[in-house]
Amino acid sequence: QYHQAATALTNLDEVMKKPVDRPAGSNWISRARLQGGIEFKQVGFQYPNDEREVLRNISFRINPGERVAILGRNGSGKTTTVKLLLGLLFPTSGKSWLLGYPSGDLTVKRKIGFLPEESYLYKFLNAEEILDFYAKLFDIPKKERKRRIDTLIHDVGLVSYCKRPLNQYSKGMLRRIGLAQAIINDPELVILDEPTSGLDPIGSREMKDLILEFKRQGKTVVLSSHLLADVQDICDRIAILNKGVLQVIGGVKELLSQRDVIEFMVKNLSEIDIQAVKSFIEGRSGNVVSINHPSATLEELFINIIQHR
């Protein structure tokens, strides 16, 4: 079955090798200079026979190597935006470019890795076979396929399970092999939909560490997640959609910073010294909102207990 499936999909590889007519003019030249970035310019989308605009006048740019999260409630347009990035849908108005190419250009597909919220993988194959299957679609030479497969299985923590068929995997293990499949082609752009879904706290931390590693490798990452703590941990910028409109896009620290509040972290002060500092601040019209000891996150506590006991 494995060999039959691989043979049946060889035509896809041939289609992706064919040259594509690219639009002429200054717009194409300027966008090509992005070299790894993403740009949406006044993009709108509307499904046929539906008066409602799913996306309205969306404009943003993601620079090469950035990690950007797309956030929003259900129905806000997140999934449609991801589909536009993947070239599964096309704007009904405006223009979009990926890695210097128009988003509909087949040439760019080889440079994209995608982890959907639910990975639909062949469950009768094991981890090595499924990665080999997808690597062949990208025409990766045998020796390089073996190297990448071994490295990825190690990186996602599945060495002990690599010979098991995927129908014996837990949801968390399927998430891990799904990520390995998404980056088997060493993509420039990685699109992740709920990447930590189904993972325990240790697995979630390891997944986030892998995503952080993408920045060192120069990959551009776009992710969609409902777990805001994860987004805060790993993203440079966030974009928030609501009812098809881009409400805000900016740096995580910039958007979360409370400009009217100043925080000091000081060690080894006695209670008398703390009160003296408090009196000093209040004597200069400052308002001491709280005096607390900092606390670790629940994730940090859990990982510390599990890994060190």
Side-chain angles (χ1 to χ4, degrees), residues 1-9 12 67 112-187 189-217 219 221 223-227 229-231 233-234 298-309:
Q1 289 176 302
Y2 165 62
H3 294 295
Q4 290 175 348
T7 302
L9 287 169
L12 175 63
R67 294 160 302 183
I112 298 176
F114 176 50
L115 175 67
E117 184 174 2
E118 293 289 339
S119 297
Y120 298 97
L121 303 171
Y122 295 111
K123 299 295 182 69
F124 56 86
L125 301 179
N126 64 34
E128 292 176 337
E129 291 168 338
I130 196 70
L131 293 181
D132 187 65
F133 173 78
Y134 283 102
K136 285 181 176 178
L137 294 180
F138 289 99
D139 202 25
I140 299 171
K142 184 175 182 180
K143 186 175 180 179
E144 177 63 12
R145 286 203 311 270
K146 179 69 167 59
R147 187 193 68 78
R148 291 193 193 183
I149 290 167
D150 291 345
T151 299
L152 288 172
I153 287 176
H154 175 270
D155 288 348
V156 299
L158 291 175
V159 174
S160 300
Y161 309 97
C162 63
K163 300 297 184 181
R164 290 188 187 181
L166 301 191
N167 58 19
Q168 296 180 17
Y169 277 23
S170 66
K171 184 176 181 180
M173 292 166 69
L174 288 172
R175 208 81 193 118
R176 293 167 184 247
I177 196 62
L179 178 65
Q181 174 267 315
I183 58 176
I184 189 67
N185 57 321
D186 191 21
L189 169 63
V190 184
I191 301 172
L192 308 171
D193 193 359
E194 302 290 349
T196 58
S197 174
L199 296 178
D200 60 37
I202 300 292
S204 178
R205 180 69 264 172
E206 291 172 347
M207 176 72 79
K208 288 187 283 187
D209 287 342
L210 286 169
I211 296 171
L212 291 171
E213 177 66 13
F214 291 160
K215 185 175 182 69
R216 189 190 67 80
Q217 299 171 2
K219 299 183 188 300
V221 178
L223 68 88
S224 174
S225 177
H226 288 96
L227 301 176
D230 289 352
V231 169
D233 285 344
I234 60 182
L298 182 58
E299 178 188 75
E300 290 170 338
L301 174 65
F302 181 90
I303 291 175
N304 185 58
I305 291 173
I306 294 298
Q307 291 188 337
H308 297 95
R309 296 191 182 181

Using a 4.5 Å cut-off on heavy atoms from C-beta on, say whether the side chain of [Y] contacts that of [X].
| X | Y | result |
| --- | --- | --- |
| Leu131 | Gln181 | yes |
| Val221 | Lys215 | no |
| Leu212 | Arg67 | yes |
| Leu121 | Tyr134 | yes |
| Ser224 | Asp193 | yes |
| Leu166 | Tyr122 | no |
| Ser119 | Arg175 | yes |
| Met173 | Leu158 | yes |

* Start with the C-alpha gap between Lys208 and Asp230, add the side-chain angles, then the distance that decides, and say whether side chain to side chain contact (heavy atoms under 4.5 Å, CB included) holds. => CA-CA 8 Å; Lys208 288 187 283 187; Asp230 289 352; 3.2 Å; yes

* **Leu210: which of Asp155, Ile234, Ile183 passes side-chain contact (heavy atoms from CB on, under 4.5 Å)** => Asp155

* Asked: Can you name the side chain to side chain donor-acceptor pair (under 3.5 Å) partners of Lys146, sequence neighbours left out?
  -> Asp150

* Chi angles and distances behind the side chain to side chain contact (heavy atoms under 4.5 Å, CB included) call for Glu206, Leu199 -> CA-CA 10 Å; Glu206 291 172 347; Leu199 296 178; over 6 Å; no

* To do: Show the numbers, then the answer: is there a side chain to side chain contact (heavy atoms under 4.5 Å, CB included) between Lys171 and Glu118?
  => CA-CA 10 Å; Lys171 184 176 181 180; Glu118 293 289 339; 4.2 Å; yes

